[in-house]
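To start, the structure itself, in structure tokens.
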Amino acid sequence: MSKKLLYTLLTILLLTSVILVACSSSNETETPDQPADTTSSTTNTSESCAPNCTYQDLTLCYPQLGAESDWRTANTASIKETAEQLGIKQLIFSDAQQKQENQISAVRACIAQGVDVIALPPVVEDGWDAVLTEAKNAGIPVIIVDRSVSADSSLYASHIGSNMVLEGERAAEEFNKLLADGGAILELSGTTGSGAAVGRADGLRNKLNSNITILDSQTGNFTRAEALPVMQAFLQKYQPGVDFQGVFIHNDDMGIGAIEALKAAGVNPGDLVIVSVDGTRGGFQAMVDGWFQADVECNPLLGPQVFEMALKLMNGETIEREVLTNETVYYPENAAELLPSRQY
Ligand code: AHR
């Protein structure tokens with residue numbers, strides 16, 4: 001090989017390696033750059049893909065409020081399974097353990113990360129104005145999921161969930177039928193200050209016949225564990241069948257806790273008129289066993305609606321400001337038949 005040829009080959013080799021190094025180092029710098037400016041990068045992503053963004057472009061934040069009930073477990077599963085099925089870019093999920101401060105921190109972390117959409121199931125109604133304003137200022141749309149917030153509706157894009165007042169009204173109608181001659185009921189209510197508890201309590205009072213009185217109302221925080229001692233305390237104070245003839249229970253998990261207390265006190269299925277809310281498998285079993293006389297549906301399977309709306313928001317499409325779930329009331333007559341096909 002001549003000296004000239006060797007020199008030419010060495011030059012080509014050197015130039016090739018310079019080009020390769022330049023290419024690889026430009027990939028490396030892009031990746032670390034992203035976390036440093038995630039807000040603008042995500043904003044750029046939606047801006048660059050809108051109006052043709054797909055689920056593969058979507059990063060959705062779901063700061064779940066907790067894992068207090070079977071309803072909540074089903075809601076979490078619906079969000080996670082739908083995210084998986086649709087193949088979204090990223091689901092940022094957290095569990096606030098029924099503490100609003102944890103939810104607020106999770107929302108703030110998602111804002112800092114520059115997610116495309118936040119879907120927030122708020123543990124309580126009040127106290128969201130500041131963090132919703134922060135999301136709005138960052139250009140991140142928020143969908144309120146499940147329970148409502150008291151914040152001004154200009155601070156969020158939409159609400160998807162149940163009509164909690166209607167659920168309470170439906171429960172009242174069951175008591176009106178089952179206690180037609182009047183009587184007294186107890187109320188085991190959900191988390192104090194939550195849209196679900198406030199709505200159901202209001203609905204009950206809206207429609208309950210005047211010959212039925214609410215003897216007492218205490219919170220069981222939507223959990224079995226907390227409902228049991230509340231029912232025990234009720235039973236120490238009031239005699240079933242004498243002082244009260246019925247119990248309105250804001251969710252099935254608390255109903256199951258209450259049944260434990262009733263059984264221990266020697267109360268039998270059918271001694272009291274019990275109306276619960278949710279329509280979980282546990283609630284259906286309580287109807288089959290004769291404890292619940294009606295179970296007002298509250299549907300937790302909101303994943304498909306949440307993601308459909310999130311994508312519309314990302315693409316700048318018009319969305320409905322409120323999407324209420326279509327629900328019904330379940331009865332013991334066909335509970336055994338429906339139980340095997342219940343999804344939650
Ligand atoms: O907000 C929905 C309510 O929250 C459900 O009725 C209850 O089971 C859950 O904990």
Side-chain angles (χ1 to χ4, degrees), residues 42-43 45-47 49-55 57-65 71-72 74-76 78-83 86 88-94 96 100 103-104 106-108 110-111 113-167 194-196 198-199 297-327:
T42 307
T43 307
T45 308
S46 6
E47 271 167 13
C49 64
N52 298 313
C53 302
T54 67
Y55 286 115
D57 299 307
L58 172 64
T59 295
L60 184 125
C61 170
Y62 200 76
Q64 180 60 284
L65 69 88
W71 189 102
R72 191 65 51 199
N75 179 253
T76 292
S78 175
I79 293 294
K80 288 186 176 176
E81 282 162 16
T82 311
L86 297 173
I88 74 158
K89 186 171 165 190
Q90 197 185 358
L91 171 67
I92 300 171
F93 180 91
S94 50
Q100 186 181 30
Q103 271 196 302
I104 290 175
V107 172
R108 290 209 165 109
C110 285
I111 295 171
Q113 217 173 313
V115 300
D116 297 306
V117 178
I118 297 170
L120 169 69
V123 63
V124 289
E125 284 188 305
D126 297 341
W128 295 103
D129 299 62
V131 78
L132 288 177
T133 304
E134 289 165 37
K136 192 173 181 182
N137 291 342
I140 300 173
V142 178
I143 305 170
I144 303 296
V145 182
D146 165 27
R147 304 175 185 176
S148 50
V149 291
S150 60
D152 193 272
S153 62
S154 64
L155 295 177
Y156 56 91
S158 181
H159 170 234
I160 297 177
S162 303
N163 183 338
M164 307 294 186
V165 176
L166 181 62
E167 289 172 355
S194 68
V198 172
E297 184 188 19
C298 181
N299 194 325
L301 308 178
L302 304 175
Q305 288 163 285
V306 167
F307 286 101
E308 191 188 337
M309 184 178 284
L311 187 62
K312 281 186 179 169
L313 285 166
M314 220 179 151
N315 279 325
E317 289 176 36
T318 314
I319 47 118
E320 284 180 63
R321 295 302 313 262
E322 171 129 71
V323 180
L324 294 176
T325 318
N326 215 354
E327 291 163 342

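Computed from a predicted structure; not experimentally measured.
A donor-acceptor pair is defined here as one N or O able to donate and one able to accept, closer than 3.5 Å; no such pair exists between the side chain of Gln64 and the backbone of Phe93. Asp57 places a side-chain N or O within 3.5 Å of a backbone atom of Thr54 that can act as its donor or acceptor partner. The backbone N or O of His159 sits nowhere less than 3.5 Å from a side-chain atom of Arg321 that would complete a donor-acceptor pair. At distances below 3.5 Å, at least one donor-acceptor pair connects side-chain atoms of Thr133 with backbone N or O atoms of Asp129. Thr325 places a side-chain N or O within 3.5 Å of a backbone atom of Gly161 that can act as its donor or acceptor partner. Counting only distance, with no hydrogens or angles, the side chain of Gln103 and the backbone of Val123 share a donor-acceptor pair below 3.5 Å. Side-chain atoms of Trp128 do not come within 3.5 Å of backbone N or O of Val149 as any donor-acceptor pair. With hydrogens and angles disregarded, no donor-acceptor distance shorter than 3.5 Å links the side chain of Lys80 to the backbone of Leu91. For Thr59 (side chain) and Val115 (main-chain N/O), no donor-acceptor pair under 3.5 Å exists by modelled atom type. A distance-only check finds a donor-acceptor pair linking the side chain of Asn299 to the backbone of Leu301 [under 3.5 Å].
Once rounded to the nearest 0.5 Å, the distance linking CD1 of Ile319 with CG of Leu313 reads 4.5 Å. A distance of 10.0 Å separates CD in Gln90 from CG in Asp116, rounded to the nearest 0.5 Å.
Atom CG of Asn326 has 12 or fewer neighbouring heavy atoms from other residues, nucleotides or ligands inside a 6.0 Å radius.
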Next on the checklist: Using the rule given for side-chain contact (heavy atoms from CB on, under 4.5 Å), can you reason through Glu322 versus Ser153, listing the C-alpha separation, both sets of side-chain angles and the distance that settles it, and then say yes or no?
Outcome noted: CA-CA 10 Å; Glu322 171 129 71; Ser153 62; over 6 Å; no
Next on the checklist: Test side-chain contact (heavy atoms from CB on, under 4.5 Å) on Leu302 and Asn75; report intermediate values, then the result.
Outcome noted: CA-CA 7 Å; Leu302 304 175; Asn75 179 253; 4.0 Å; yes
Next on the checklist: Pair Leu311, Cys53 - check side-chain contact (heavy atoms from CB on, under 4.5 Å), show working.
Outcome noted: CA-CA 7 Å; Leu311 187 62; Cys53 302; 4.2 Å; yes
Checklist entry - Do Ile111 and Ile118 pass the side-chain contact (heavy atoms from CB on, under 4.5 Å) test, and can you show the C-alpha distance, the side-chain angles, and the key distance before you say yes or no? => result CA-CA 8 Å; Ile111 295 171; Ile118 297 170; 3.9 Å; yes
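With a 4.5 Å cut-off on side-chain heavy atoms, Pro122 and Ser194 do not count as touching. Contact annotation: the side chain of Val107 never approaches that of Cys61 to less than 4.5 Å [non-hydrogen atoms, C-beta and beyond].
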